[in-house]
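First the proteins, then the strands, lettered A, B, ... as listed; each starts at 1.
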Protein chains: 2
Amino acid sequence: MSVPTTEPGLRERKKAATRLALHEAALRLALEHGPDRITVEAIADEAGVSRRTFSNYFANKEEALFYGQHQRMRQVLEIIRARPRDEPPWHALTAAAAEFYGASGDLDPEWTARTRLMRRHPSLAAAQMQTFAAMEREIGAEVTARLGPGEDPTGVRAKLLAATFLAALRVALTAWLEHPADSTYWEVASEALAEAGRGFA
Amino acid sequence: MSVPTTEPGLRERKKAATRLALHEAALRLALEHGPDRITVEAIADEAGVSRRTFSNYFANKEEALFYGQHQRMRQVLEIIRARPRDEPPWHALTAAAAEFYGASGDLDPEWTARTRLMRRHPSLAAAQMQTFAAMEREIGAEVTARLGPGEDPTGVRAKLLAATFLAALRVALTAWLEHPADSTYWEVASEALAEAGRGFA
DNA sequence: CGCCAAACTTGCCGCCTGTGCAAGTTTTCC
DNA sequence: GGAAAACTTGCACAGGCGGCAAGTTTGGCG
């Protein structure tokens with residue numbers, strides 16, 4: 001007698017649990033010992049799986065560490081996709097950001113600590129950037145779908161919107177992390193978005 | 001009886017030659033076999049140097065491959081630094097780009113081929129992005145120096161300018177590489193800059 | 001239930017990378 | 001001309017990535 005909801009099934013749930021366990025193990029160890037002094041083996045151990053299994057889930061340490069951020073970004077993407085189709089693209093993007101960041105009072109302090117740790121470490125910058133690049137492609141595709149095909153023949157405009165949007169969020173985060181007390185992240189970010197977006201309104 | 005000019009000296013010239021040889025060897029092999037099927041050892045061999053010496057010049061394959069792009073970016077940075085100090089920042093950036101790209105009719109076709117190759121390969125995207133990130137910091141610093149300190153207390157504006165500038169150039173390049181015949185790179189790029197920069201004029 | 005196929009985990013192995021070290025070689029400079 | 005500094009090289013070692021095959025777990029079906 002199974003519940004009527006479409007459950008993911010035991011297999012899928014286990015996989016998700018393992019992935020999360022690895023991510024959190026990586027985070028724990030990185031915070032404790034510093035991101036470059038941990039090995040894949042240690043992470044796998046901490047999560048209770050073999051080193052080889054780690055590789056079945058993540059290509060490397062960095063990917064495991066950034067899984068959380070990756071998930072957050074996917075959430076934003078989902079919100080963007082859920083915005084009304086006839087909304088002007090830039091408005092859809094900023095509104096989605098407002099939904100995501102504006103709602104919850106401010107960012108989780110623990111998350112802030114982790115993020116700041118990652119910022120300090122140049123070895124992680126590359127991975128960070130890769131997440132952004134992937135996101136930029138996906139947002140760009142979504143914007144393309146919203147701009148009439150005649151409105152942006154070369155596709156530059158869509159890509160430019162996506163890139164500017166993410167650049168504003170990224171720069172705002174960097175700046176805010178240096179003075180978190182003065183204001184909320186969303187205050188800084190919305191201002192940056194407004195400034196950067198004047199060309200797209 | 002040496003020439004009066006300050007020659008770099010034999011040692012420096014040899015180093016530069018080795019660095020260039022490694023870079024070009026990497027490029028040759030990457031074009032021939034694909035970027036992920038080449039080893040550091042093969043590159044060092046091709047350049048007539050030991051694997052260990054490769055590591056004295058570059059941290060990894062990617063760095064060797066992107067040495068050219070890195071140099072090009074430094075040139076742009078130099079041009080930016082040479083612009084009049086009292087020019088509005090955004091104008092200094094776009095003018096520098098115009099100097100660099102607008103002058104020479106269009107981009108070298110061989111360079112275009114190499115760049116297109118790199119774009120296709122996700123393993124190189126990270127390295128690509130790292131170059132951009134480094135550049136963003138440096139341009140940001142230069143813009144900060146040009147904005148009066150009272151004009152941008154948090155530093156968000158300077159970082160935003162730098163990020164938007166590079167995003168526009170990057171997006172324009174991506175778009176142009178898909179249809180190089182239709183127009184010159186600078187035509188695409190200057191339009192992107194104009195659009196993105198409306199907030200900063 | 002019982003059983004099979006598909007999916008997942010694990011250990012093993014090999015190749016590649018990055019880096020400290022020490023010995024040998026070249027360039028610089030006095 | 002010779003000492004000092006800079007550079008190259010081989011060696012060794014820890015670590016990372018990924019293929020493969022054997023073992024284990026899950027899902028589905030009669």
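- For the pair E78(B) and R81(B), the salt-bridge criterion is met [side-chain N within less than 4.0 Å of a carboxylate O].
- Proximity of residues 32-40 of chain B to DNA chain C (heavy atom under 4.0 angstrom from any strand atom) is restricted to T39(B), V40(B).
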Are there any protein N/O atoms within less than 3.5 Å of an N/O atom in nucleotides 26-30 of chain C, and if so, which ones and at what distance?
from	atom 1	to	atom 2	distance (Å)
dT26(C)	O2	R11(B)	NH2	3.2
dT27(C)	OP1	K14(B)	NZ	2.6
dT27(C)	O4'	R11(B)	NH2	3.3
dT27(C)	O3'	R11(B)	N	3.4
dT28(C)	OP1	L10(B)	N	2.8
dT28(C)	OP1	R11(B)	N	2.8

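- To the nearest angstrom, C1' of dT10(C) lies 14 Å from CG of L22(A).
- For R52(B) against dG18(C), no side-chain N or O and base N or O form a donor-acceptor pair under 3.5 Å.
- Listed pair T53(B) / dT8(D) fails the phosphate criterion, with no side-chain N or O lying under 4.0 Å from OP1 or OP2.
- If you measure from atom OH of Y57(B) to atom C1' of dT19(C), you get 17 Å, rounded to the nearest angstrom.
- Atom NZ of K15(A) and atom P of dT25(D) are 17 Å apart (whole Å).
- The distance from atom CZ of F54(A) to atom P of dC8(C) is 18 Å, rounded to the nearest whole Å.
- If you measure from atom CD1 of I43(A) to atom C1' of dC17(D), you get 14 Å, rounded to the nearest angstrom.
- Distance from the side chain of N60(A) is smallest to dC17(D) among dA12(D), dT9(C), dC17(D).
- With respect to R37(A) and E32(A), no salt bridge is recorded, no charged nitrogen being found less than 4.0 Å from a carboxylate O.
- Counting distance only, with no hydrogens placed and no angle test, the side-chain atoms of R51(B) and the base atoms of dG18(C) include a donor-acceptor pair under 3.5 Å.
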(message) Under the criterion salt bridge (charged side-chain N to carboxylate O under 4.0 Å, His left out), I'd like the reasoning laid out for E136(B) against R170(A): C-alpha separation, chi angles, the key distance, then a yes or no.
(response) CA-CA 12 Å; E136(B) 200 173 301; R170(A) 179 166 51 81; 2.7 Å; yes
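- Judged by distance alone, with hydrogens and angles left aside, R13(A) brings no side-chain donor or acceptor close enough to the base of dG27(D) to form a pair under 3.5 Å.
- Taking the six-membered ring where tryptophan is involved, the planes of Y67(A) and H70(A) are essentially parallel, since the angle between them stays under 30° and well short of 60°.
- Side chains of W111(A) and R72(A) form a contact here, defined as non-hydrogen atoms less than 4.5 Å apart.
- Between Y185(B) and Y101(B), the angle of the ring planes goes over 60°, which puts this pair in the perpendicular group of the 30/60° scheme.
- Straight-line distance from the CD atom of E41(B) to the P atom of dT8(D): 18 Å, rounded to whole Å.
- D152(B) places a side-chain N or O within 3.5 Å of a backbone atom of R157(B) that can act as its donor or acceptor partner.
- Between E62(A) atom CD and dG15(D) atom P there is a gap of 15 Å when expressed in whole angstrom units.
- Looking at heavy atoms from C-beta onward, T154(A) lies out of side-chain contact with V188(B) at the 4.5 angstrom threshold.
- Counting only N and O atoms by type, the side chains of T115(B) and T112(B) include no donor and acceptor under 3.5 Å apart.
- Rounding to whole angstrom units, CG of residue N56(B) and P of dG20(C) are separated by 11 Å.
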